[in-house]
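Everything on this sheet refers to the single structure shown next.
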Amino acid sequence: MRILKGTLTTMVTASVAVVVLTGCGGGQNNASSTGPSTSSSSSSASTSSSKSSASPWSPSSSSSTTTPAAAKDATAIADGIKAKVPTVTKLVTITEDNDPNNKIGRPGGYVSAATLYDSGASCTELGVECGATVEVWPDEAGARSRSKFIQDALKAANGALGEEYHYQHGAVLLRVYGDLKPSVAKKYEVAFNS
C-alpha cells in the first residue's frame with residue numbers, strides 16, 4: 001500500500017508539473033501574436049550587440065535586458081530611419097486606437113510602435129506591409145520572442161504569408177516588408193544600426 005501511495009503521489013506531482021509547464025508555454029505564444037494576416041516573413045534576423053557609450057542602443061544601466069530611455073520611443077527611432085532611407089514617404093505612430101495588432105500597452109505587448117511607409121510597397125491598412133515597423137518591447141527577451149514567433153509562423157506557412165527582414169537591438173525590433181528589394185532592406189538595416 002505504501003508503494004502504491006508513493007507512486008500515486010509521484011504521478012500527481014508529475015502531472016501538475018506538465019500542466020504548469022504547458023500553461024507557461026501557451027502564455028508565451030499568446031503574448032507574441034502574429035501581425036496582420038497579410039503580413040510577410042523571413043529573411044535576415046540580425047542582432048547587434050554594440051556597447052559603445054555613444055550608441056543609442058547601449059543600455060542605460062548595467063542590465064542589458066532593459067530598453068534605454070532614449071530608445072523607448074518608436075516614433076523617434078522611425079524618424080531617424082526615415083531621414084536616412086530615401087524611399088520612406090510617411091511615418092505613422094501606432095496608438096491604441098490604430099494598432100492593427102492590438103498589442104500596444106497591453107500585457108505581453110510592445111510599449112511603443114511606428115510604421116514607415118515605403119514607396120516600394122503598397123498597403124491597404126496600417127502594418128509592416130506598408131514598408132516597415134519599429135516595435136519597442138519592455139525588454140530584449142520580448143523583442144526576441146516576437147521576432148522568433150513571427151519568423152516561425154511565416155516559415156511554417158511556406159511563403160504563403162510572405163517574408164520579413166528582422167533587425168534587433170535590445171528591446172527594439174525593426175520589421176521590414178519582405179517584398180521590398182534586398183538592397184532597400186539593407187538601407188533600413190544601415191539606418192537602424194547608425
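Predicted model, so just to flag it, every value in this text is computed and none were measured.
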Backbone of I94 reached by a side-chain donor or acceptor of D99 within 3.5 Å: no

Is there a side-chain contact between [X] and [Y] in this structure, where contact means two heavy atoms from C-beta onward sitting under 4.5 Å apart?
| X | Y | value |
| --- | --- | --- |
| W137 | S145 | no |
| Y117 | V88 | no |
| K186 | K181 | no |
| Y177 | C123 | no |
| V136 | D73 | no |
| V184 | E189 | no |

Single hit among H166, E135, Q168 for side-chain hydrogen bond (donor to acceptor under 3.5 Å, both in side chains) with S147: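 With S147 as partner, side-chain hydrogen bond (donor to acceptor under 3.5 Å, both in side chains) holds for just one option, H166.
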
Steps toward side chain to side chain contact (heavy atoms under 4.5 Å, CB included) verdict (Y188, L116): CA-CA 10 Å; Y188 278 91; L116 294 156; 3.9 Å; yes

From CA spacing to verdict: side chain to side chain contact (heavy atoms under 4.5 Å, CB included), E164, V128: CA-CA 8 Å; E164 288 183 12; V128 72; 3.3 Å; yes

Atom of [X], atom of [Y] and distance for their closest heavy-atom approach:
| X | Y | answer |
| --- | --- | --- |
| G178 | Y165 | CA-CE1, 3.8 Å |
| L126 | P100 | O-CG, 3.2 Å |
| V85 | K187 | CG2-O, 3.7 Å |
| A191 | S194 | O-OG, 3.0 Å |
| G109 | P138 | O-CD, 3.4 Å |
| C130 | A121 | O-CB, 3.6 Å |

Stepwise side chain to side chain contact (heavy atoms under 4.5 Å, CB included) check, E96 with R106: CA-CA 9 Å; E96 62 184 37; R106 295 182 187 275; over 6 Å; no

Any residue meeting salt bridge (charged side-chain N to carboxylate O under 4.0 Å, His left out) with K84, in chain and number order, not counting sequence neighbours: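 Per chain and number, K84 pairs via salt bridge (charged side-chain N to carboxylate O under 4.0 Å, His left out) with no residue.
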
Common cluster, L173/V92, ILVMFWY with side-chain heavy-atom separation under 4.5 Å: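 No, L173 does not connect to V92 through the hydrophobic network.
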
Atom pair OG1 (T87) and CG (D118), whose distance is rounded to the nearest 0.5 Å: 3.5 Å

Distance, nearest 0.5 Å, that separates OG1 of T115 from CZ of R175: 8.5 Å

Chi angles and distances behind the side chain to side chain contact (heavy atoms under 4.5 Å, CB included) call for V134, V172: CA-CA 7 Å; V134 174; V172 183; 3.9 Å; yes

Side chain to side chain donor-acceptor pair (under 3.5 Å) between Y167 and N193, worked out: CA-CA 9 Å; Y167 309 103; N193 287 332; over 6 Å; no

Parallel, tilted or perpendicular, as decided by the 30° and 60° cut-offs, for the rings of H169 and F192: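 F192 vs H169 ring planes: tilted.
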
Donor-acceptor pairs are to be reported for all side-chain atoms of residues 75-82 against protein atoms at under 3.5 Å, with residues two or more places apart or in another chain.
{"unit_1": "T75", "atom_1": "OG1", "unit_2": "T93", "atom_2": "OG1", "d": "2.7"}

Qualifying residues under side chain to side chain donor-acceptor pair (under 3.5 Å), relative to D152, sequence neighbours excluded: K148

